[in-house]
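Chain letters run A, B, ... following the sequence lines, proteins first, then strands; residues in each count from 1.
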Amino acid sequence: QKEVEQDPGPLSVPEGAIVSLNCTYSNSAFQYFMWYRQYSRKGPELLMYTYSSGNKEDGRFTAQVDKSSKYISLFIRDSQPSDSATYLCAMSAPGGYQKVTFGIGTKLQVIP
Amino acid sequence: ETGVTQSPTHLIKTRGQQVTLRCSSQSGHNTVSWYQQALGQGPQFIFQYYREEENGRGNFPPRFSGLQFPNYSSELNVNALELDDSALYLCASSLAAAGVGPGANVLTFGAGSRLTVL
């Protein structure tokens, strides 16, 4: 079993839709949770960073962490064609060097 | 503020050869990590460097080695290349006290070096 599970998609939605992306994980030591966006032929860029459980909002993006269920989500409101990319969930545990464990990534296409 | 730059962007090698990939950290960052991203997969942690020393390593064999220089730039070396080494190699820099702690996992990635092994 992988430490981090993520549906690879692809996920195709019309412009303006609300997008929900999710990951589950098995390592209860994870405390830091991140979402990265990766455009084709580019490196990942950090979108959201949260510590422990709870919600965090940044513009059209909302990240949720439910540690009791080992489940994290990213919501994108009013999706735009420019949001078309692969979304990677990532997480790490405190203490020592910071190895970040990534999901496989969900490929999202927003259709105009 | 400059971002993370990597070179070369693409390269092709044959099985058994050796390769060196280079990375310049984002200005102000002191920690460098390398990740391997196979096609259709998420990045996999190779190792992390702080103060010119490896301070963490993932599940990669010793033929994967690295260096960090006093200016925080870094190299990834892979010996005895295998077909499965074909991937996008990503360098990421971060800022952390003593190379550990939450700052070290806020990664700024370069665009990667795409290695093809024939």
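For the residue pair B:Gly42 and A:Leu88, the shortest heavy atom distance occurs at CA-CD2, 4.1 Å.
Contact annotation for A:Gln38: only side-chain heavy atoms (C-beta onward) come within less than 4.5 Å of a heavy atom of chain B. When heavy atoms are compared at a cutoff of 4.5 Å, B:Arg57 approaches chain A solely by way of its backbone atoms N, CA, C and O. Heavy-atom distances place no part of B:Gln6 under 4.5 Å from chain A, backbone and side chain included. In this structure, the portions of A:Lys99 lying under 4.5 Å from any heavy atom of chain B include both its backbone and its side chain. Residue A:Pro44 touches chain B through both its backbone and its side chain, counting heavy-atom pairs closer than 4.5 Å. Looking at A:Tyr36, the atoms closer than 4.5 Å to chain B (heavy atoms on both sides) all sit in the side chain, from C-beta outward.
Residue A:Lys67 qualifies as enclosed at atom NZ: its count of foreign heavy atoms under 6.0 Å is above 12. A 6.0 Å sphere centred on CD of B:Gln44 holds no more than 12 heavy atoms belonging to other residues, nucleotides or ligands. Other residues, nucleotides and ligands contribute over 12 non-hydrogen atoms within 6.0 Å of the CZ atom of A:Arg60. Annotation: B:Arg51, atom CZ; neighbour count of heavy atoms from other residues, nucleotides and ligands within 6.0 Å does not exceed 12. In A:Phe30, the CZ atom is crowded: over 12 heavy atoms of neighbouring residues, nucleotides or ligands sit closer than 6.0 Å. Around atom CG of B:Asn71, more than 12 heavy atoms belonging to other residues, nucleotides or ligands sit under 6.0 Å away. Dense packing is recorded around CG of B:Leu118, with more than 12 heavy atoms of other residues, nucleotides or ligands lying under 6.0 Å away.
Looking at B:Tyr35, its side chain does come within 3.5 Å of a backbone N or O of A:Val100 through a donor-acceptor pair.
The line from CZ of A:Phe102 to CG of B:Leu90 is 8.5 Å long, rounded to the nearest 0.5 Å.
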